[in-house]
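The structure under discussion appears below in the form of structure tokens.
Ligands are counted one by one from 1 in listed order, and the atoms in each one are counted from 1 as well.
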Amino acid sequence: MAFQEKGKQLFDAGTSFARGVRIIDDLPLDRLPEIAFAGRSNVGKSSLINALVGSPIARASNTPGRTQELNFFKVSTRFYLVDLPGYGYAAAPKKTVETWTRLIHDYLRGRQQLKRAFLLIDARHGIKKVDENIMKMLDSAAVSYQIVLTKADKVKDSELSKIYAKVMADAKTHVACYPEILITSSENGQGIADLRGEIYKVIAGL
Ligand code: GTP
Ligand code: MG
């Protein structure tokens with residue numbers, strides 16, 4: 001499919017780590033478009049970025065709370081992928097959770113160059129209360145976002161169709177939520193080419 005090929009070309013140009021941001025004043029100033037990956041801790045944000053890029057550029061780990069800052073990866077010279085810390089991680093100290101939550105919210109709500117947020121949902125679990133809260137926040141800030149189901153390799157097809165239908169029904173009730181859901185696995189590569197194609201469309205303004 002043509003968009004997949006365009007997406008592949010976009011990523012073939014190479015990706016490098018640009019910066020880690022712990023306070024909102026440190027966001028990049030060069031006004032390149034940004035694509036962010038948000039979701040509960042351990043949902044697979046960093047792994048998905050690695051799968052897109054084709055190398056282990058973002059630190060992924062089995063320990064929830066791995067990513068602790070907003071990590072900006074520059075793709076070619078054209079745009080940034082932004083790996084966000086996970087939300088809903090109850091085991092971290094309360095103050096740390098509050099700081100991350102504020103940083104994530106401030107970034108998502110107020111970033112003009114944020115062209116799309118991908119909201120990652122674990123294909124085994126579906127949408128949780130914390131996800132619903134983020135979705136409401138994105139709706140009210142009019143940030144265009146799209147749901148990506150992760151870890152599809154861990155669920156049976158029959159289970160996946162059920163979760164998909166449920167998530168789609170919920171997505172349709174959110175005004176800023178893009179009405180197409182992507183199904184991915186960073187483990188076996190499912191949906192990665194489609195996601196690259198989607199990113200191409202966002203960057204090209206299509
Ligand atoms: P935080 O940075 O803590 O918010 O986590 P994250 O959302 O970045 O998750 P990360 O990519 O670090 O992955 C968490 C765990 O899930 C790791 O052990 C990954 O190997 C595993 N994982 C991620 N994606 C997949 C997938 O598609 N399939 C399978 N089977 N495991 C995955
Ligand atoms: Mg991470």
Side-chain angles (χ1 to χ4, degrees), residues 11 15-22 34-75 80-108 114 116-135 137-138 145-157 159-161 163-164 167 181-196 198-199:
F11 280 90
T15 303
S16 57
F17 175 71
R19 71 165 72 190
V21 171
R22 282 175 188 266
E34 293 167 7
I35 308 258
F37 296 80
R40 293 171 72 213
S41 196
N42 214 44
V43 70
K45 300 173 291 296
S46 302
S47 302
L48 192 63
I49 288 179
N50 291 337
L52 282 169
V53 170
S55 69
I57 197 165
R59 208 180 302 162
S61 139
N62 204 11
T63 316
R66 175 75 270 167
T67 307
Q68 310 203 341
E69 47 192 15
L70 274 58
N71 284 322
F72 284 72
F73 299 94
K74 199 183 260 190
V75 182
Y80 289 111
L81 297 177
V82 188
D83 188 11
L84 300 179
Y87 52 77
Y89 176 43
K94 198 160 173 252
K95 267 259 165 303
T96 313
V97 173
E98 278 171 15
T99 309
W100 290 352
T101 308
R102 192 163 324 120
L103 185 62
I104 296 165
H105 280 231
D106 287 351
Y107 169 73
L108 289 172
L114 176 61
R116 182 163 303 170
F118 287 106
L119 181 64
L120 276 53
I121 302 287
D122 191 315
R124 296 169 296 179
H125 308 313
I127 295 173
K128 300 281 186 189
K129 185 88 202 306
V130 273
D131 301 312
E132 198 66 46
N133 290 343
I134 289 274
M135 291 168 83
M137 185 272 284
L138 294 170
Y145 62 101
Q146 181 167 12
I147 292 176
V148 175
L149 296 180
T150 62
K151 307 192 185 184
D153 58 284
K154 290 209 169 193
V155 282
K156 284 194 241 126
D157 283 351
E159 191 59 28
L160 190 58
S161 333
I163 292 270
Y164 180 92
V167 171
I181 296 169
L182 293 164
I183 299 173
T184 65
S185 164
S186 303
E187 192 72 18
N188 66 18
Q190 181 183 353
I192 301 300
D194 290 331
L195 182 53
R196 286 198 199 106
E198 199 58 41
I199 291 172

If you take all heavy atoms of [X] and [Y], which pair is closest and at what distance?
X: Ala18; Y: Tyr80; value: CB-CE2, 3.7 Å
X: Leu52; Y: Phe11; value: O-CD2, 3.8 Å
X: Ile104; Y: Gly86; value: CD1-O, 4.3 Å
X: Phe73; Y: Ile57; value: CE2-O, 3.6 Å
X: Ala58; Y: Asp83; value: CB-OD2, 3.8 Å
X: Gly39; Y: Lys45; value: O-NZ, 3.2 Å

What is the nearest protein non-hydrogen atom to [atom], stated with its residue, atom name and distance?
atom: atom 14 (C) of ligand 1; value: Asn42 OD1, 3.0 Å
atom: atom 13 (O) of ligand 1; value: Ser47 OG, 3.5 Å
atom: atom 27 (O) of ligand 1; value: Ser186 N, 2.8 Å
atom: atom 7 (O) of ligand 1; value: Lys45 NZ, 2.7 Å
atom: atom 9 (O) of ligand 1; value: Gly44 N, 3.2 Å
atom: atom 28 (N) of ligand 1; value: Asp153 OD1, 2.7 Å
atom: atom 31 (N) of ligand 1; value: Glu187 OE1, 4.0 Å

Looking at [X], which atoms of ligand 1 are within less than 4.0 Å of one of its heavy atoms?
X: Gly65; result: 3 (O)
X: Ala60; result: 10 (P), 11 (O), 12 (O)
X: Val43; result: 7 (O)
X: Ser185; result: 27 (O)
X: Gly86; result: 4 (O)

(request) Keeping to residues at least two apart or across chains, list the side chain to side chain donor-acceptor pair (under 3.5 Å) pairs with something in residues 117-135. (result)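 For residues 117-135: Tyr87-Asp131, Asp122-Arg124, Glu132-His174.
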(request) Keeping to residues at least two apart or across chains, list the side chain to side chain donor-acceptor pair (under 3.5 Å) pairs with something in residues 48-60. (result)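 Found none.
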(request) Can you figure out which of Arg40, Arg59, Lys151, Gln68 has its heavy atom closest to atom 25 (C) of ligand 1? (result)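 Shortest heavy-atom distance from atom 25 (C) of ligand 1: Lys151.
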(request) Check whether any side-chain heavy atom of Leu81 lies under 4.5 Å from a side-chain heavy atom of Val53, and answer yes or no. (result) yes
(message) Within rounding of 10°, what is the angle whose vertex is the Mg ion (ligand 2) and whose arms end at OG1 of Thr67 and OG of Ser46?
(response)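 Here the angle at the metal atom is close to 90°, to 10°.
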(message) If I apply the N/O under 3.5 Å rule, does Ser61 come out as touching ligand 1?
(response)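 Checking ligand 1 against Ser61, an N or O pair does fall under 3.5 Å apart.
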(request) Report yes if Ser41 has an N/O atom closer than 3.5 Å to an N/O atom of ligand 1; otherwise report no. (result) yes
(message) I need the Met137 CE to Leu108 CG distance, nearest 0.5 Å.
(response) 4.5 Å
(request) Hey, could you give me the CD1/CG distance between Ile147 and Leu120, rounded to the nearest 0.5 Å? (result) 10.0 Å
(message) Strictly under 2.8 Å, is the Mg ion (ligand 2) approached by any N, O or S atom of Ser41?
(response) no
(request) Measure from the Mg ion (ligand 2) to each N, O or S atom of Ser47 and report whether any distance is below 2.8 Å. (result) no
